[in-house]
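Below is one structure; the comments refer to it alone.
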Amino acid sequence: MTYGGGGQPRFVLGLADVGAADAPWAGGKAAALGELARAGLPVPRGYVITVAAFNLVMAALDPAGAIRGALGDLPAGDLAAIARAAAGLRARIKAAPLPPAVAAQIIAAYQRLDAQWLDGTAAVAVRSSATMEDSPEASFAGLQDSYLAVRGVEAVLDRVRSCWASLYNDESVSYRRRRGTGEAGLAMGVVVQRMVSPRTAGVMFTRSPVTGDRSVVAIEGTWGLGSALVAGEVTPDGFTVSKVTGEITGRRVSAKLRAHFFAPNGHGISAQPMPIALRRSPCLADDEVRALVLVGRQVEEHYGVPQDIEWALLGDSPGCSALHADPADRIVLLQSRPETVWAARDRAPIATPKPRASDHVLARFRKAL
């Protein structure tokens, strides 16, 4: 538990006050974003609601851990039982009153974030940050909930509860059951960040997700917010770039029929059909691709392992030339996690140990041709 002045528990911390080692009490996403901010990389401003707040609420709802223990004992294949138990727990969390100290700190942090822009009610992204997500061994990406364009104190408090409840989404619980991960010790932090309005957004892998080649960076992007890509509503453009020469060695421009946009002066997120003239136009210019690669390599160098990065490129409306000359000034990072698929293959043994060296040769001859 982190304490502030007067010995009061600190349920909220600035994003740059956490780092990679803080995942146990801030959650994986918050720890990664804080680490990026500490490294001087571009991350939207925000704060972290630590797992201490989640634990305080759960201590009131499930003091002995019996509800969570029963959930962890369910068979991995009994999806109906998992769905029933998880739904009941989610409903209780969403209906739970927030402890006054927790609510007060969340409200104060939101008001400070809003005051930095002096534009009334700040629009924020409220994002889940589970303690077990984004590790090198497993990827829980997309299994918990996040919310965009949340405005107002009451809406923020409500979405925080929804993020906590999403630790018990059916898919998340089922994934843990299949992996044999127990419920004990699991917790949820929450990240609250100022919303951005990107011209283009997407994902970037500092290792080929198809071949595992570490000499290239693979980028996928689409117009507007990356939520259209996450939802599967659009086929992204793709770019492959050599780390050695900087050459764009692969390029795929897709028909991007729809886009999600956030209007800072509007309400929520709008899903719009893309104008026909822009559907088959690349969402990134070559200099923007190269600028993204440079940032991606900086992130990989900082962590020392290949990364799976979510990014956004700020700017003007799709189809308009950017007003800012340097694309590096318009890049923001929304998440970075270790690449897990090829990392797991790298850790796997090439062959099972055998008593004698000759047994490996004989095993080859025993395989059917």
Side-chain angles (χ1 to χ4, degrees), residues 1-5 8-59 93 98-99 101-110 112-113 124-147 150 156-157 159-169 172 176 181 183-194 299 302-303 305 307-310 332-338:
M1 176 81 71
T2 302
Y3 292 88
Q8 293 296 314
R10 294 183 65 185
F11 298 110
V12 176
L13 290 172
L15 197 56
D17 293 329
V18 302
D22 299 320
W25 59 269
K29 183 182 281 99
L33 286 167
E35 184 70 18
L36 293 173
R38 285 180 170 187
L41 291 158
V43 174
R45 287 194 181 188
Y47 57 91
V48 183
I49 302 165
T50 70
V51 301
F54 172 87
N55 288 337
L56 191 61
V57 170
M58 294 306 295
I93 295 172
L98 287 179
V102 172
Q105 291 188 29
I106 294 173
I107 292 169
Y110 176 72
R112 286 194 299 271
L113 191 65
V124 295
V126 182
R127 311 174 68 192
S128 60
S129 179
T131 53
M132 75 295 183
E133 73 180 50
D134 298 342
S135 71
E137 292 78 26
S139 176
F140 290 79
L143 297 182
Q144 285 82 228
D145 294 342
S146 292
Y147 302 91
V150 181
V156 169
L157 295 177
R159 291 310 191 188
V160 168
R161 279 190 290 258
S162 295
C163 284
W164 288 340
S166 73
L167 183 61
Y168 303 103
N169 281 348
S172 186
R176 295 197 292 271
T181 303
E183 297 297 314
L186 298 182
M188 179 72 82
V190 179
V191 178
V192 179
Q193 290 177 285
R194 182 70 186 208
V299 176
H302 179 77
Y303 282 107
V305 294
Q307 295 289 298
D308 170 358
I309 300 167
E310 298 175 19
V332 292
L333 301 181
L334 307 177
Q335 175 60 319
S336 186
R337 59 181 71 89

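Because the structure is predicted, anything quoted here is derived from the model rather than measured. Excluded from the calculations below are hydrogen atoms, water molecules and symmetry mates; all remaining heavy atoms, backbone and side chain alike, are included.
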Original post:
Does I107 reach the side chain of L157, with side-chain heavy atoms less than 4.5 Å apart?
Top reply: yes

Subject >> V12 to A109 - nearest heavy-atom pair and separation >> reply: CG1-CB, 3.6 Å

Original post:
Pick from V191, I106, L15: which one makes a side-chain contact (heavy atoms from CB on, under 4.5 Å) with Y47?
Top reply: I106

Original post:
If you round to the nearest 0.5 Å, how far is CE of M132 from CZ of R176?
Top reply: 4.5 Å

**OP:** Please confirm whether the backbone N or O of A130 pairs with a side-chain atom of K29, one donor and one acceptor, at under 3.5 Å?
**Re:** no

Original post:
Can you tell me how far CZ of R194 sits from CG of L113, rounded to the nearest 0.5 angstrom?
Top reply: 6.5 Å

**OP:** Might you point out which heavy atoms bring C163 and V190 nearest each other, and give the distance in Å?
**Re:** CB-CG2, 3.9 Å

Original post:
What pairs with P24 under side-chain contact (heavy atoms from CB on, under 4.5 Å), at least two apart in sequence or on another chain?
Top reply: none

**OP:** Return the set of residues passing side-chain contact (heavy atoms from CB on, under 4.5 Å) with D145 (not counting sequence neighbours), or none when no residue passes.
**Re:** Y147, S166, N169

Subject >> Euclidean distance, L13 CG relative to Q105 CD, rounded to 0.5 Å >> reply: 8.5 Å

Subject >> From CG (L36) to NE2 (H302), nearest 0.5 Å >> reply: 7.0 Å

**OP:** Look only at the side chain of E35 and the backbone of G19, and say whether a donor-acceptor pair between them is shorter than 3.5 Å.
**Re:** no

Original post:
R161 versus L98: any side-chain heavy-atom pair under 4.5 Å?
Top reply: yes

**OP:** Determine which pairs satisfy side-chain hydrogen bond (donor to acceptor under 3.5 Å, both in side chains) with at least one residue from residues 14-23, sequence neighbours left out, and list them in order.
**Re:** D22-W25

Subject >> I93 and M58: CA distance, side-chain angles, deciding distance, side chain to side chain contact (heavy atoms under 4.5 Å, CB included) verdict >> reply: CA-CA 8 Å; I93 295 172; M58 294 306 295; 3.8 Å; yes

Subject >> Residues which pass side-chain hydrogen bond (donor to acceptor under 3.5 Å, both in side chains) with Q193, listed by chain and number, not counting sequence neighbours >> reply: R127

**OP:** Measure across V51 and G189 and return the closest heavy-atom pair with its distance rounded to 0.1 Å.
**Re:** CG1-N, 3.6 Å

Subject >> Pairwise distance CE(M188) to OG(S129) - rounded to 0.5 angstrom >> reply: 7.5 Å

Subject >> Partner set under side-chain contact (heavy atoms from CB on, under 4.5 Å) for Q307, not counting sequence neighbours >> reply: T206, V299, Y303, V305, I309, S336, P338

Original post:
Which residues pass the side-chain contact (heavy atoms from CB on, under 4.5 Å) test with A53, sequence neighbours left out?
Top reply: F11, I49, V102, W164

**OP:** For T131 and G27, indicate whether the former's side chain and the latter's backbone hold a donor-acceptor pair under 3.5 Å.
**Re:** no

**OP:** Mind checking the CD-CG spacing from Q144 to L167? Nearest 0.5 Å is all I need.
**Re:** 6.0 Å

